[in-house]
**Q** 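Please read through the structure below; I'll follow up with questions.
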Amino acid sequence: MLAGLDPTSADTDLALALTQTFPGFPFTAAAVDDFYWRGDARTILSADGTRLGDHRVWVERELAALGGNLTAFWNRHRSGDQKFTEWRGTSVFAFARTGRGVADFVQISRGRDVEYLAGSVVDPDYRPYSADDLFDPSWVRREPDTDAPVLAGPVYRLRGRTGGGIVHMKSFLARRTRIEAEQRQAQRPEAGLIREVGPDSARDTPSMYANPEWFDFVPRENRFFADWERPSASVERIFDHWAFDIHDLEHRGRREIGFIPRPLKMPRREAAVGRRRFGAPPDGGDRGGRRRDWPALRVVLSDDARALGRSGRRRRDR
């Protein structure tokens, strides 16, 4: 479905195309301001615009032909006849509700990529110090509002499993809880002793007994949704306000799973009451009353004592 979108109208057609592809699930789409560029999809262009192949393969072949001489390579290509293209983009998320719960929805994560004519294959002013300088060009400008010529796009690219391409959020939270519990159980044999020193004696206590809530830990991703569900915010659909940059991968033999919440609507730089002064009431004012020009503030406190315990506070401080 993504490959079939017309690049000239892909931005406006995306949500409608998803809804038509998956009947019964009305999709909404939102972009997140997280500009990136891809180092795995660069192409070399000749002076007449002919594509000469993959950037890295072409550089390696040219260097081999010159015996690895970086100075000769720089002198040959510093004229700028050969240029390279680069795909740059931002993240776009689509959502569709699957139930009434706060986490009952599907999220589809994609990259919105545009191919630009980035610049010359070498820095015309400075000789490269190593081949790595050629493989990762740093002399070109990369900004979201660049004036570099556009060659193709926008093209939508579905992220893989490690980037949370298609995720049912309720199932993801259950998987996050299960993996956290499994990892903590796996650490049980490695738990050491904690020495408690008193005024007259000292004793060693297994760390699991000193931290009885070790196995009751709730991941922050699950707490994020639980906090949204408790207060008055639960009447709002969470995916109307937040997107979730999900990762699920292996790192140094350990399963890393979680998300970074991304706001869909950034707050204004200055609030409407930003210039007002807070503190003591104005002179002559009724300290027990309310002034019309003072904004009303509402503080919502959790009625669940366990939530305070998970924040890292000691038991007696709850």
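When reading the values below, keep in mind they use all heavy atoms of this one structure, side chains included, and skip hydrogens, waters and symmetry mates. Since the model is a prediction, treat every value here as computed from it, not as a measurement.
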**Q** What are the two closest non-hydrogen atoms of Tyr36 and Gly111, and how far apart are they?
**A** OH-CA, 3.3 Å
**Q** Side chain of Arg110, backbone of Ile108: donor and acceptor closer than 3.5 Å?
**A**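 Checked: pair present.
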**Q** Looking at Thr177 and Leu173, would you say the former's side chain and the latter's main chain have a donor-acceptor pair under 3.5 Å?
**A**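 Yes, because the side chain of Thr177 sits within donor-acceptor range (under 3.5 Å) of the backbone of Leu173.
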**Q** For a quick test of reading the model, state the closest non-hydrogen atom pair linking Asp113 to Arg38 and the distance between them.
**A** OD2-NH1, 3.1 Å
**Q** Please assess Thr98 against His168 for the test side chain to side chain donor-acceptor pair (under 3.5 Å), listing each intermediate value before the final yes or no.
**A** CA-CA 9 Å; Thr98 60; His168 180 241; 3.3 Å; yes
**Q** Begin from the C-alpha positions of Phe224 and Trp242 and carry the test ring-ring contact (aromatic ring centres under 6.0 Å, His included) through to its verdict.
**A** CA-CA 11 Å; Phe224 187 95; Trp242 297 91; 5.5 Å; yes
**Q** Whether the side chain of Arg78 engages the backbone of Pro124 through a donor-acceptor N/O pair (distance < 3.5 Å, no angle test) should be reported.
**A** yes
**Q** Answer yes or no: is there a donor N or O on one side and an acceptor on the other, between the side chain of Asp34 and the main chain of Ser91, under 3.5 Å?
**A**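 At least one qualifying donor-acceptor pair exists.
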**Q** Step by step, would you call Asp11 with Tyr156 a side chain to side chain donor-acceptor pair (under 3.5 Å)?
**A** CA-CA 9 Å; Asp11 294 337; Tyr156 285 98; 2.7 Å; yes
**Q** Does the plane of the ring in Phe259 sit parallel, tilted or perpendicular to the ring in Phe172? Use 30° and 60° as the thresholds.
**A**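 Phe259 and Phe172: tilted rings.
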**Q** Which word best sums up how the rings of Phe239 and Phe105 line up, parallel for under 30°, tilted for 30 to 60°, or perpendicular for over 60°?
**A** tilted
**Q** I'd like to know if the side chain of Asp54 reaches the main chain of Val57, judged simply by a donor and an acceptor atom lying under 3.5 Å from each other, with no hydrogens or angles considered.
**A**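 Checked: pair present.
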**Q** Using the six-membered ring wherever Trp is involved, compare the ring planes of Trp37 and Phe35 and label them parallel, tilted or perpendicular (cut-offs 30° and 60°).
**A** tilted
**Q** May I ask you to decide if Ile257's main-chain N or O and Arg176's side chain share a donor-acceptor pair within less than 3.5 Å?
**A**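 Flag set: sc Arg176 to bb Ile257 pair under 3.5 Å.
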**Q** Between Arg42 (side chain) and Phe84 (backbone), is there a donor-acceptor pair under 3.5 Å?
**A** no
**Q** Does Gln107 use its side chain to pair, donor to acceptor, with the backbone of Phe244 at less than 3.5 Å?
**A**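 It does hold such a pair.
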**Q** Of the non-hydrogen atoms in Ala152 and Val114, which two are nearest, and what is the gap between them?
**A**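 Shortest heavy-atom separation between Ala152 and Val114 comes out as O-CG1, 3.4 Å.
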**Q** Would a distance-only check, ignoring hydrogens and angles, find a side-chain to backbone donor-acceptor pair under 3.5 Å from Thr19 to Ala15?
**A** yes
**Q** Just by modelled atom types, is the Glu143 backbone N or O under 3.5 Å from a matching donor or acceptor in the Thr146 side chain?
**A**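 Answer holds: no.
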**Q** Are Val122 and Leu63 co-members of a hydrophobic cluster defined by side-chain heavy atoms under 4.5 Å apart?
**A** yes
**Q** Could you tell me which residues satisfy ring pair (Phe, Tyr, Trp, His ring centres under 6.0 Å) with His241, sequence neighbours excluded, listed by chain and number?
**A** Trp228
**Q** Between Arg56 and Phe135, is NZ or CZ placed under 6.0 angstrom from the six-membered ring centre and within 45° of the ring axis?
**A**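 So Arg56 does make the cation-pi contact.
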